[in-house]
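Let me begin by presenting the structure, written as structure tokens, before commenting on it.
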Amino acid sequence: MPRRRAARAFALALTTILALAPLPALAVGPGVTSEAASGDPPGPGTRPEAVVGQRPAAASEPVTGQGAAAGVGGKAEPIPGKEVAGRQQWVLQTLNVEAAWRVSRGAGATVAIIDSGVDGGIPELRGRVIDGPDVGGPATPGERPEPGLHGTAMASLIAGSGGEGGITGVAPEARVLSLPLLPDQPIESGVAAPDAGREFGEDSPLARAIRYAANHGADVISMSIGAYGAHPAEREAISYALGKGVVLVAAVGNDGALDVSLRNDTSFWSFPAGYTGVVGVGAVDAELLPAPFSSDNLSVLVSAPGVDVPVALPGGGHESAEGTSAAAALVAGVAALVKAEHPDLPPAMVARALSGGVRAAPATGYDDKVGFGVVDAAAALTQADRLATLGRTAQTPPDRHFGQGPLSAAPTPPGPDPVRLWVFAGAVLVGLVMFGAAVMVLTRKAEEKSARERSGPA
């Protein structure tokens, strides 16, 4: 236990340092960089969390930091169309979505995806993708951002309709608001960090994206991205979105197997998952065991499948994704189910419904690898129903009270005692009368004396 507390203190101290001083950027590529091998974190750039087409390295092997692994389509074999539904079944069964669909399928909810662009032309997403502005940099008016591998994959997990035998998302009737933040790199070169050298100024692309989503009808914001170090503008934007009732979900990172994480029994914090109010999501495998690569720290609220998860690709086609990116997208889909059923439920209550409606909960109640457990969509909806009625059922009948025995007397109203007030007023009045009478007597005596002096002796 002392070692674990010391490790957490180390992680918190490191996060503060990272927030104040930018670090060198990580060179992203198909291989392991010297920084990753040594366990040092990459710079504070925003990048997609790892979505790779291969199983994670063993715990003893060096792996790249968050988002530094190859993107979707990197080394995975394509999934034949006839196998997509079958390969996806374990994901849907783990999240218990079929039971949840009897209550909600996400109709009326909008999920903003801050990622690379989303291909709204694939069968799974056709007619349900709203193209937002390119928040990652200047864009020509009217120009439609190019769809990306990562963004399209995440969108399919959230809102895929299953069209033409493709991916069925957790909220198949929800809408998607695509807010491109990161450009996709060529598959063989991995995913780069476009703002790895960012300065902590007054604004950031992610902060702009969050505010845009909150102002344009988003009920849920899905962020399968991460950066080392907090940003004041992002913190303010998240507070703004929460105030408007938007649920924010983010991947916690893929640093669990880094040497430094294993040595200190905790992982570096990733943002936006590390911000207060954001639902941080870790990854588990088909046996509901923590994925070795999934980061472990106190930003993890819940977990979801993140190993061998089938996803859709731009232009059609399917592969497997791996990483906390996929897990976060799936949980964002569950949040969309809840918001579709209870649109006015505050984000904190939605987060409580997600963390209260879980399966495979740790024996201790909470674990910083999987949080409170693996999200169960049907149980989360049940929890949301209960939380939504708390305000209407918490009123106490007038004839009931806590404890036994007679009711206590009503408290004395504040202010002066009326009787004492009248006594005091009467005393003042008597005093004034007596003072007036004394003045009159003295005045009369003075006048009589003056008259005698004027008349002289008899």
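For the numbers below, each heavy atom of this structure counts, side chains included, while hydrogens, waters and symmetry mates do not.
Using a 4.5 Å heavy-atom cutoff, the side chains of Pro305 and Leu95 are in contact. Val111 places none of its side-chain heavy atoms less than 4.5 Å from the side chain of Arg175. With a 4.5 Å cut-off on side-chain heavy atoms, Leu330 and Val91 count as touching. Contact annotation: the side chain of Ser295 never approaches that of Asn254 to less than 4.5 Å [non-hydrogen atoms, C-beta and beyond]. Residues Val284 and Leu289 fail the side-chain proximity criterion, which asks for heavy atoms closer than 4.5 Å. A heavy-atom distance below 4.5 Å is found between the side chains of Leu381 and Val103.
Of the N and O atoms on the side chains of His342 and Asp385, at least one donor lies less than 3.5 Å from an acceptor on the other residue. Between the side chains of Asp368 and Asn297, no donor-acceptor pair is found at a separation under 3.5 Å. A donor and an acceptor atom, one from each side chain of His150 and Ser325, are located under 3.5 Å apart. For the residue pair His318 / Glu124, a side-chain donor-acceptor distance below 3.5 Å is found, with atom types taken as modelled. Counting only N and O atoms by type, the side chains of Asp255 and Ser261 include no donor and acceptor under 3.5 Å apart.
To the nearest 0.5 Å, atoms CG (Leu179) and OG (Ser116) are separated by 12.0 Å. Note that CD1 of Ile221 and OG1 of Thr110 are 11.5 Å apart. Values are rounded to the nearest 0.5 Å. Note: Arg211 CZ to Leu206 CG = 11.5 Å, rounded to the nearest 0.5 Å. In this structure, CD in Glu173 is found 10.0 Å from OG in Ser161, a value given to the nearest 0.5 Å. Considering CZ of Phe372 and CG of Leu354, their distance stands at 12.0 Å, rounded to 0.5 Å.
Of the possible polar contacts, one joining the Asp115 side chain to the Gly151 backbone as a donor-acceptor pair under 3.5 Å is found. In terms of modelled atom types and a separation under 3.5 Å, the side chain of Gln88 and the main chain of Thr168 share a donor-acceptor contact. With Tyr228 contributing its side chain and Phe271 its backbone, the two residues share no donor-acceptor pair below 3.5 Å. Under a 3.5 Å cut-off, the side chain of Lys339 and the backbone N or O of Val247 do not form any donor-acceptor pair. Listed for the Arg359 side chain is no donor-acceptor partner under 3.5 Å among the backbone atoms of Val375. Judged by distance alone, the side chain of Thr152 and the main-chain N or O of Leu149 form no donor-acceptor pair under 3.5 Å. No side-chain donor-acceptor contact under 3.5 Å links Arg128 to the backbone of Val176. Thr382 places a side-chain N or O within 3.5 Å of a backbone atom of Ala378 that can act as its donor or acceptor partner. The backbone N or O of Val281 lies less than 3.5 Å from no partner atom in the side chain of Ser303, so there is not a single donor-acceptor pair. In this structure, Asp285 contributes its side chain and Leu288 its backbone to a donor-acceptor pair below 3.5 Å.
The shortest heavy-atom contact between Gly306 and Phe293 is O-CZ, 3.5 Å.
Counting heavy atoms of neighbouring residues, nucleotides and ligands inside a 6.0 Å radius, atom CZ of Arg105 exceeds 12 of them.
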